[in-house]
Amino acid sequence: MEFVRLDAGNLVVGIGGIHRVFAETLEPQLTTVELPHYEMGYWAACKLISMIERKPVDSSSWPNTTAPMPPLDSPIPAKIHCALIEKGSVRS
């Protein structure tokens, strides 16, 4: 295992694949970006269905989600909000 020492001015952030238990075990705890996997999959499936059927999908029936989903007429790649979980790796 190799360690890298960072200067005090550097920030470290893990993205998506960093398990929360692992991120919280490090010292300082690792800040992570929480990817909204459910929302990304749901939006992609609805977009695909609307493209195949060549008609809009009723977005009023979408489930409540933790991240707002973009409209289906958004260009690909669409942007879905990701939450930043701040921990000690970015706090001063």
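Computed from a prediction, not measured in an experiment: that's the story for all the values here.
Between E39 and M69, the closest heavy-atom pair is O-SD, 3.6 Å. Closest of all the heavy-atom pairs between P63 and Y38 is CG-OH, 3.4 Å. Closest approach of M40 and I80 over heavy atoms only: CA-CD1, 3.7 Å. Closest approach of A78 to W43, counting heavy atoms only: CB-CH2, 3.5 Å. Closest approach of P71 to S74, counting heavy atoms only: O-OG, 2.8 Å.
In terms of the side chain to side chain contact (heavy atoms under 4.5 Å, CB included) criterion, A45 has no residue partners (sequence neighbours excluded).
Atoms CG and CD, from L48 and E53 in turn, are 9.5 Å apart once rounded to the nearest 0.5 Å.
Considering only heavy atoms from C-beta on, T32 stays 4.5 Å or farther from K87 through its side chain. Between K47 and I49 there is no side-chain heavy-atom pair separated by less than 4.5 Å.
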